[in-house]
Amino acid sequence: MEVAVVVLNQQSVAIGQQVVAALPDAKLYGFAKRVSDVDQTFDEFGDTVQTLFRQGTAVIGVCASGILIRTIAPLLGNKWQEPPLLAVAEDGSAVVPLLGGVSGANALAHQVGQILQTVPAITTAGEIRFRTSLLSPPAGYELVNPDDGKDFLAALLAGQSVRIIGQTDWLDAAKLPVDDGADLSIVVGEGGEPGPDCLVYRVVGPLNPPILGDFELSVGGVDQIPPSPPSKGGDKIKVPLLKGDLGGSQTSQQTYQLPGRLAIIGTGPGCIDWMTPEVRRVLETSTDWFGYKTYLNLVEPLRTTQNRHESDNREELDRARAALDFAATGKSVVMVSSGDPGIYAMAAAVFEAMETDAKTTWQDLNLQVCPGISAMQGAAALIGAPIGHDFCAISLSDILKPWEVIEQRIAQAAQADFVMAFYNPISSQRRWQLEKAKEKLLEYRDGTTPIVLAENVGRPGQNIRVKHLGDLQSEDANMRTMILVGSSKTRVFEQGGRQWVYTPRRYDR
Ligand code: SAH
């Protein structure tokens, strides 16, 4: 998580520097007129803090909480989207988490409290009573049904007890009212039916659950925080181990070799706003990036210490094997695809390599697929709602599958009246396929069927055009174009000087 520590005057700089030095990914921002010795200066406090907050950056203001509250007030809406907002007293004597309880504000407040040697002013009832935040689990766990969290917590706070299914030191260390006959349940790992009576946590992230439990117990705990930034995986780490409750009984040290990690991520079409926070976090906390050069270039602005491993676009399986082998040496590797990694991209290649080669060195890898917005979704959003009803995606590339299969699929999809998303419509080696696809479509669809040609979606040179099927030409597309072919119901209209395309969900007219 990126953290911005914001100071308004020179007296606060020392406290700000102390916090920034101890937190990974933290930067010190200072009011240009009054401070020096900061990482970045600003002229407008309100604009700066609002922009950081909107971007999802955790903000620690070394100033009165009132200033922060008034600044952020116009932005308050959805509690799930709030990054942590903390106020720290100018002399470092108080740390108050104000917002972002569900995105880790309390854990951050504990960390800052540790740095400044003060006890943070935690006010969230759940954490005080149960000694853990169920809505914001420690790194490595993800709450599958956050929308149910509020009701669930309310029931717990009202006195109900809870069954815990699945093993975790994190919850063992909490002070939950556990009862095997309870109506409320918490499921960690596989299974469980998420709902208002059942919170389900998925295990994610770079560490194995048993190690994670011990490690995270110390992170989430009140007074045992590892002094160094979290490991990026791969290396050996020393962590304090707490057994028993958070009051802290025996503390010891153990050394672990962290297992390697391979995260197969999708960057979205290209612009940072269309990249998920998960993907961003995974990229930032990794050691090595693998992928085709163009895709690595898309995320280059986020690169700090990570090593780039570029490869040729064509050798997908080799690239997958190389990334798996590298991760198996204990590294935290990210395989970068554009759009969604599971749509005509690297995820399938990684699984194919894993199943066919089945190397023993790959068995313990921590594998994760992080989805992204696919080109067809980005393109659709830019022009309205063309895939608003049943649709399918077809790649026109006949490099990995015979053209006959593609042609047959187009014919059948046209007969079924699907909206179609054509990926890989054309390339320098494949010039005739788009023309053939058009001919096939015209056997079933009217020449006036709307076609959306979306080039460089979310990237420089973005260009969206609408045409009729009958007018489609090979020159209309290139390797960076995605084509949406309307169904018989797809509509085009103009309003407010903009052209919109949509496919209605009603099929009765
Ligand atoms: N995994 C990607 C698809 C990769 S296949 C995804 O989910 O989007 C490559 C094809 O996707 C390109 O030939 C083009 O048809 C389409 N594509 C990928 N990114 C695009 C973008 N930003 N704009 C338009 N089309 C794109």
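Order of appearance sets the numbers: ligands from 1, and atoms from 1 within every ligand. In what follows, every heavy atom counts, from backbone to side chain, and hydrogens, waters and symmetry copies are set aside.
At least one heavy atom of Ser338 sits less than 4.0 Å from an atom of ligand 1. Note on ligand 1: Pro425 sits in its first shell, one or more heavy atoms being nearer than 4.0 Å.
Inter-residue side-chain proximity for Met1 and Pro84 is flagged as met; some heavy-atom pair is nearer than 4.5 Å. Tyr29 places a side-chain heavy atom less than 4.5 Å from the side chain of Thr48.
At a 4.0 Å heavy-atom cut-off, ligand 1 touches Met482 through backbone and side chain alike. With a heavy-atom cut-off of 4.0 Å, Ala454 touches ligand 1 through its backbone alone. With a 4.0 Å cut-off on non-hydrogen atoms, Arg459 touches ligand 1 through its side chain and not its backbone. Contact annotation for Asn456 and ligand 1: only backbone heavy atoms (N, CA, C, O) come within less than 4.0 Å of the ligand.
With atom 7 (O) of ligand 1 as the reference point, the heavy atom nearest to it among Cys271, Ser374, Ala345 is part of Ser374. Which of Ala421, Gly461, Ala375 comes nearest to atom 17 (N) of ligand 1 through a heavy atom is settled by distance: it is Ala375.
Arg308 has a carboxylate O that lies under 4.0 Å from a charged side-chain N of Glu300, or vice versa, which qualifies the two as a salt bridge. Here Lys489 does not pair with Asp417 in a salt bridge; the nearest charged N to carboxylate O distance is not below 4.0 Å.
Summary of contacts: the protein heavy atom closest to atom 4 (C) of ligand 1 is Tyr344 O, 3.4 Å. Nearest protein heavy-atom neighbour of atom 14 (C) of ligand 1: Thr481 O, 3.3 Å. If you check which protein heavy atom lies closest to atom 13 (O) of ligand 1, you get Met479 O, 2.6 Å.
Residue contacts with ligand 1: Gly339 is placed with no nitrogen or oxygen under 3.5 Å of a nitrogen or oxygen of the ligand (distance criterion only). Considering both main-chain and side-chain atoms, Glu455 never comes within under 3.5 Å of ligand 1 through any nitrogen or oxygen pair.
The ring pair (Phe, Tyr, Trp, His ring centres under 6.0 Å) with His309 is formed by just one residue from the set Tyr292, Phe326, Tyr295; it is Phe326.
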